[in-house]
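Presented below is the structure to which this report refers.
Labels below follow one simple rule: chain letters A, B, ... track the order of the sequence lines, proteins then strands, and each chain is numbered from 1. Below, each value reflects all heavy atoms present in this structure, side chains not excepted, and no hydrogens, waters or symmetry copies.
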Amino acid sequence: MADKVKILVICGPTASGKTSSSIRLAKQLNGEVVSADSMQIYAGLSVGTARPDTSEMDGVVHHLMGFLEPEQTFSVADYVELASNTIQQIAERGHVPILVGGTGLYISSLLDGVRFSPAKPLSQERMLLQKELDEKGIIPLYEELKSIDPQYAATLHPNNHVRVLRALELYRQTGKTMTEQRNESLPKEKPYNACIVCLCPKDRQILYERIEMRVDQMMEMGLLEEAKKVYLNRESYHTVAQAIGYKEFFPYFEGKMALSDCVQSLKQATRNYAKRQLTWFRRMPDVLWLDPQETVESIVLEYWKSKDFEKE
RNA sequence: GGUGCCGUAGCCAAGCGGUAAGGCAACGGUCUGCAAAACCGUUAUGCACCAGUUCAAAUCUGGUCGGCACCU
């Protein structure tokens with residue numbers, strides 16, 4: 001068995017201080033940052049996605065940030081492939097790969113080594129299913145899923161149209177059920193020796209205060225202009241138009257809501273999002289939880305050194 | 001001082017004699033190709049307070065307190 005690559009993972013909800021900590025750690029470990037953020041991958045839009053600028057990066061190499069045009073689509077499967085390759089290259093260079101981000105699905109999938117179905121979803125198939133849904137409602141579709149894959153259907157609520165449709169799409173296209181796909185997708189062994197740290201204030205209230213402060217900062221940095229650009233291109237900016245930080249301003253651009261109310265709803269949406277992010281991190285195994293008020297860098301460095309995967 | 005309206009969960013709010021809708025927030029969770037998305041679960045032995053009428057009161061009556069509006 002070949003030695004697995006040892007990587008450092010810094011995850012955590014939004015506004016928990018991942019970016020600055022990871023940059024300091026990268027300098028001390030001779031590392032390179034690999035972003036695990038579903039929105040920072042897009043070009044432009046740096047304010048709303050809190051992407052660090054060159055001076056903040058302080059010479060540390062960052063990967064998978066701002067490399068995709070907002071018109072393009074992307075998925076977890078693309079992410080796992082790209083990130084795996086990037087990590088491999090960093091390791092070959094003799095540097096430490098540092099995975100940093102808040103997109104739980106991306107991080108989990110990468111660390112578990114999920115092998116997604118080789119068949120790419122076809123847009124016609126999806127449109128057909130959407131049409132069926134519009135015409136007949138969810139019940140017949142959910143029933144269909146129940147008959148082909150009762151096990152997976154049992155875990156889904158019929159209201160979750162997105163997943164019901166996706167499971168049917170997978171089956172119609174490949175003849176494989178979601179249960180089969182899931183069973184085949186996990187390798188016997190995880191692909192990395194991951195040293196996982198989750199940054200999060202112990203007091204939820206403090207997290208929420210940090211979020212509000214950060215939104216105010218973004219406003220000063222020109223978030224509104226960025227949002228305007230997204231608004232004007234909302235038809236073609238498929239994924240970005242649903243990012244938190246832009247869609248909240250759409251009612252303002254349409255003259256339906258005061259700017260200050262939009263800022264409030266942006267703060268609210270971000271708080272809700274942070275809470276959802278935590279459900280991902282809480283269920284990942286072997287996570288070192290740290291409050292950003294602690295001396296994060298020194299604790300992480302010690303933890304990193306203490307993790308001797310060879311002897312396991 | 002007088003008259004009228006109002007007081008239901010952290011917030012908004014329905015109910016107007018038959019055993020507390022709903023929304024938001026909060027908290028917990030799901031997640032295998034758009035995931036900053038989508039979805040699920042939990043949350044008032046109690047309706048300002050006291051007394052009364054009634055088999056039964058958040059709902060009716062009287063009083064007390066608090067708020068709002070108008071009048072003097």
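At a threshold of 4.0 angstrom between heavy atoms, the contacts of A/Thr73 with the nucleic acid are absent. A/Pro158 comes within 4.0 angstrom of nothing in the nucleic acid, heavy atoms only. Residue A/Arg276 is in base contact, counting any heavy-atom pair closer than 4.0 Å across all strands shown. Heavy atoms of A/Tyr106 sit under 4.0 angstrom from primed sugar atoms or phosphate atoms, though from no base atom. Residue A/Leu186 is in base contact, counting any heavy-atom pair closer than 4.0 Å across all strands shown. Within 4.0 Å (heavy atoms only), A/Ala269 reaches no atom of the nucleic acid at all. At the heavy-atom level, A/Tyr42 lies nowhere under 4.0 Å from the strands shown. Counting non-hydrogen atoms under 4.0 angstrom, A/Lys247 reaches the backbone sugars and phosphates but no base. Looking at heavy-atom distances under 4.0 Å, A/Gly48 makes contact with a base. The residue A/Val114 sits close to a base: some heavy atom pair falls under 4.0 Å. Residue A/His157 is in sugar-phosphate contact alone, with no base atom involved, counting any heavy-atom pair closer than 4.0 Å across all strands shown. Counting any heavy atom pair closer than 4.0 Å across all strands shown, A/Arg163 reaches a base atom. Looking at heavy-atom distances under 4.0 Å, A/Gln268 makes contact with sugar-phosphate atoms alone, never a base. Residue contacts shown for A/Thr270 are absent, as no nucleic acid heavy atom lies under 4.0 Å away.
Nucleotide B/rG46 forms a pair with no other nucleotide shown, judged by Watson-Crick or G-U wobble geometry with both contacts under 3.5 Å. Figure legend. B/rU3 is base-paired to B/rA69; pairs are counted as Watson-Crick or G-U wobble with both atom distances under 3.5 Å. Pairing partner, B/rC16: none, since no Watson-Crick or wobble contact has both distances short of 3.5 Å. The nucleotide B/rC27 finds its pairing partner in B/rG41, both defining distances of the Watson-Crick or G-U wobble pair being shorter than 3.5 Å. B/rA35 makes up no base pair with any nucleotide shown, lacking Watson-Crick or G-U wobble contacts both under 3.5 Å. Nucleotide B/rA21 is matched to nothing when pairs are restricted to Watson-Crick or G-U wobble geometry with both distances under 3.5 angstrom. Remark: B/rA51 base-pairs with B/rU61. Criterion, Watson-Crick or G-U wobble with two distances under 3.5 Å.
Using a 3.5 Å distance cut-off with no hydrogens or angles, the side chains of A/Tyr208 and A/Glu212 do not pair a donor with an acceptor.
For the OP1/OP2 pair of B/rU32 and a distance below 4.0 Å, the side-chain nitrogens and oxygens of A/Arg115 include no atom meeting the criterion. Put simply, A/Asn159 has a side-chain N or O that comes within less than 4.0 Å of OP1 or OP2 on B/rC40. Proximity of A/Tyr208 to the phosphate of B/rC27: a side-chain N or O atom is located under 4.0 Å from OP1 or OP2. For B/rC27, the OP1/OP2 oxygens have no side-chain nitrogen or oxygen of A/Asn272 closer than 4.0 Å. Residue A/Tyr152 has a polar side-chain atom (N or O) positioned under 4.0 Å from OP1 or OP2 of B/rU32.
Rounded to whole Å, the P atom of B/rU3 lies 10 Å from the corresponding atom of B/rG63. The same atom, C1', is picked in B/rG29 and in B/rA20; the two are 27 Å apart, to the nearest Å. Here the separation of B/rU59 from B/rG18, taken at their C1' atoms, is 11 Å to the nearest Å. A gap of 28 Å separates the C1' atoms of B/rA51 and B/rA14, to the nearest Å.
Separating the CD atom in A/Glu184 from the CZ atom in A/Arg115 is a distance of 9.0 Å, to the nearest 0.5 Å.
Listed candidates were B/rC39, B/rA37, B/rG28. Nearest to the side chain of A/Asn160 is B/rC39.
Between A/Thr155 and A/Asp37, it is A/Thr155 whose nearest contact on RNA chain B lies nearer the 5' terminus. Remark on RNA chain B: of its neighbouring residues A/Gln277 and A/Ser109, the 5'-side contact belongs to A/Ser109, judged by nearest-heavy-atom nucleotide.
Using a 4.0 Å cut-off between charged nitrogen and carboxylate oxygen, A/Arg166 and A/Glu169 count as a salt-bridge pair. For A/Glu248 and A/Lys267, the salt-bridge test fails: no basic side-chain N is under 4.0 Å from an acidic carboxylate O.
Taking atom CD1 on A/Ile138 and atom P on B/rC40, their separation rounds to 12 Å, with Å as the unit. Here the P atom of nucleotide B/rA25 and the CD atom of A/Glu212 are 14 Å apart, to the nearest Å.
A/Thr103 has its side chain out of reach of A/Ile107: every pair of non-hydrogen atoms, C-beta onward, lies at least 4.5 Å apart.
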